[in-house]
J.: 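Let me give you the structure first, and then I'll get to my questions.
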Amino acid sequence: MHLLRTDSTHPDFKNLVKSLDATLAEHNGDADDFFAQFNTLDAIKNCIVAYVDDMPAACGAFKPFSEDTVEVKRMFTDPEFRKRGLGSAIVKELENWAKELGFKKAVLETSQDLTQAISVYEKNGFYKIPNYGQYIGVDTSVCFEKIL
């Protein structure tokens, strides 16, 4: 496995996110438009692509959320490459990168039904918090935080 730090213009990142968006559209159903508005790729500067045998296999990103906090976004592992620890590797690299830039905390939102994603976050030290921002009152969302 090889991890590449890049930005949202990288073609491998963009292709993985297209697969993510298709997966989420199916998962979210009628609520997809609500969630999609918070998942644009407009100039995300901090993106990771994981490669397995030179094949783009997984991705993740973060963007500034506040002065000392980042929000983890666009986490996805191609189904062909799941159960290999790629999600954890990306989360750890995103945390390291955020710390290098002086951030102290990371937050994220996911669907309460995405149990594999939740497992990755909890295994890497994230803990549930009350829903924040646009996710307040969204029963299908669960939010997490980690002190970096």
J.: Where do C59 and V17 come nearest, in terms of heavy atoms and distance?
T.: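 Closest approach of C59 to V17: SG-CG2, 4.2 Å.
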J.: Determine the minimum heavy-atom distance between Q134 and V138, stating which atoms define it.
T.: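 That closest heavy-atom pairing would be O-CG2, 3.7 Å.
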J.: Working to the nearest 0.5 angstrom, can you tell me the gap between E71 CD and F62 CZ?
T.: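 Here the rounded value is 12.0 Å.
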J.: Find the distance between CZ (R84) and OG1 (T77) and round it off to the nearest 0.5 Å.
T.: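 It comes to 10.5 Å.
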J.: Which distance, rounded to the nearest 0.5 Å, do you find between the CG of D139 and the CD of Q112?
T.: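 The CD atom of Q112 is 7.5 Å from CG of D139, to the nearest 0.5 Å.
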J.: Could you list the donor-acceptor pairs under 3.5 angstrom formed between side-chain atoms of residues 85-102 and any protein atom two or more places apart in sequence or on another chain?
T.:
from: S88; atom 1: OG; to: N124; atom 2: ND2; distance (Å): 2.9
from: E93; atom 1: OE2; to: R5; atom 2: NE; distance (Å): 2.8
from: E93; atom 1: OE2; to: R5; atom 2: NH2; distance (Å): 3.1
from: E95; atom 1: OE1; to: K146; atom 2: NZ; distance (Å): 2.9
from: E95; atom 1: OE2; to: K146; atom 2: NZ; distance (Å): 3.1
from: N96; atom 1: ND2; to: K92; atom 2: O; distance (Å): 3.3
from: E100; atom 1: OE1; to: R5; atom 2: NH1; distance (Å): 2.8
from: E100; atom 1: OE2; to: R5; atom 2: NH2; distance (Å): 3.0

J.: According to side-chain contact (heavy atoms from CB on, under 4.5 Å), who are the partners of P11, at least two apart in sequence or on a separate chain?
T.: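 Once residues adjacent in sequence are excluded, P11 has no partner under the side-chain contact (heavy atoms from CB on, under 4.5 Å) criterion.
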J.: Excluding sequence neighbours, so at least two apart, what forms side-chain contact (heavy atoms from CB on, under 4.5 Å) with N131?
T.: Y135, S141, C143
J.: For K104, what residues pass the salt bridge (charged side-chain N to carboxylate O under 4.0 Å, His left out) criterion, not counting sequence neighbours?
T.: none
J.: For the hydrophobic clusters of this structure (ILVMFWY residues joined by side-chain heavy atoms under 4.5 Å, transitively), does one cluster hold both L20 and L108?
T.: no
J.: Can you tell me how far the NZ atom of K63 sits from the NZ atom of K73, to the nearest 0.5 Å?
T.: 5.0 Å
J.: Is the Y121 ring parallel, tilted or perpendicular to the F144 ring (thresholds 30°, 60°)?
T.: tilted
J.: Hey, quick one: are L148 and I129 part of the same hydrophobic cluster, counting side-chain heavy atoms closer than 4.5 Å, chains of contacts allowed?
T.: no
J.: Hydrophobic cluster membership, with links at side-chain heavy-atom distances under 4.5 Å among I/L/V/M/F/W/Y: are I147 and F103 in one?
T.: no
J.: Can you sort out the partners of N46 under side-chain hydrogen bond (donor to acceptor under 3.5 Å, both in side chains), two or more places apart, ordered by chain and number?
T.: none
J.: On a heavy-atom basis, which atom in Y132 and which in E109 lie closest, and how many Å separate them?
T.: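 Y132 and E109 have their closest heavy atoms at OH-N, 3.5 Å.
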J.: For the backbone of M55 and the side chain of D53, can you confirm whether one donor and one acceptor N or O come within less than 3.5 Å of each other?
T.: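 No, the answer is negative, given that no donor and acceptor are paired below the 3.5 Å cut-off.
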J.: Around atom CD of E122, are there more than 12 heavy atoms from other residues, nucleotides or ligands closer than 6.0 Å?
T.: yes
J.: Which residues pass the ring-ring contact (aromatic ring centres under 6.0 Å, His included) test with Y51, sequence neighbours left out?
T.: none
J.: Grouping I, L, V, M, F, W and Y whenever their side-chain heavy atoms are under 4.5 Å apart, do F65 and Y127 come out in a common cluster?
T.: yes
J.: Among N15, L4, D78, D12, whose side chain to side chain contact (heavy atoms under 4.5 Å, CB included) with P56 holds?
T.: D12
J.: Please answer: with hydrophobic residues joined when any side-chain heavy atoms are less than 4.5 Å apart, are F13 and V72 in the same cluster?
T.: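 No, separate clusters.
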J.: Could you state the interatomic distance from CG (L16) to CZ (R74), rounded to the nearest 0.5 Å?
T.: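 Rounded to the nearest 0.5 Å, the CG-CZ separation comes out at 11.0 Å.
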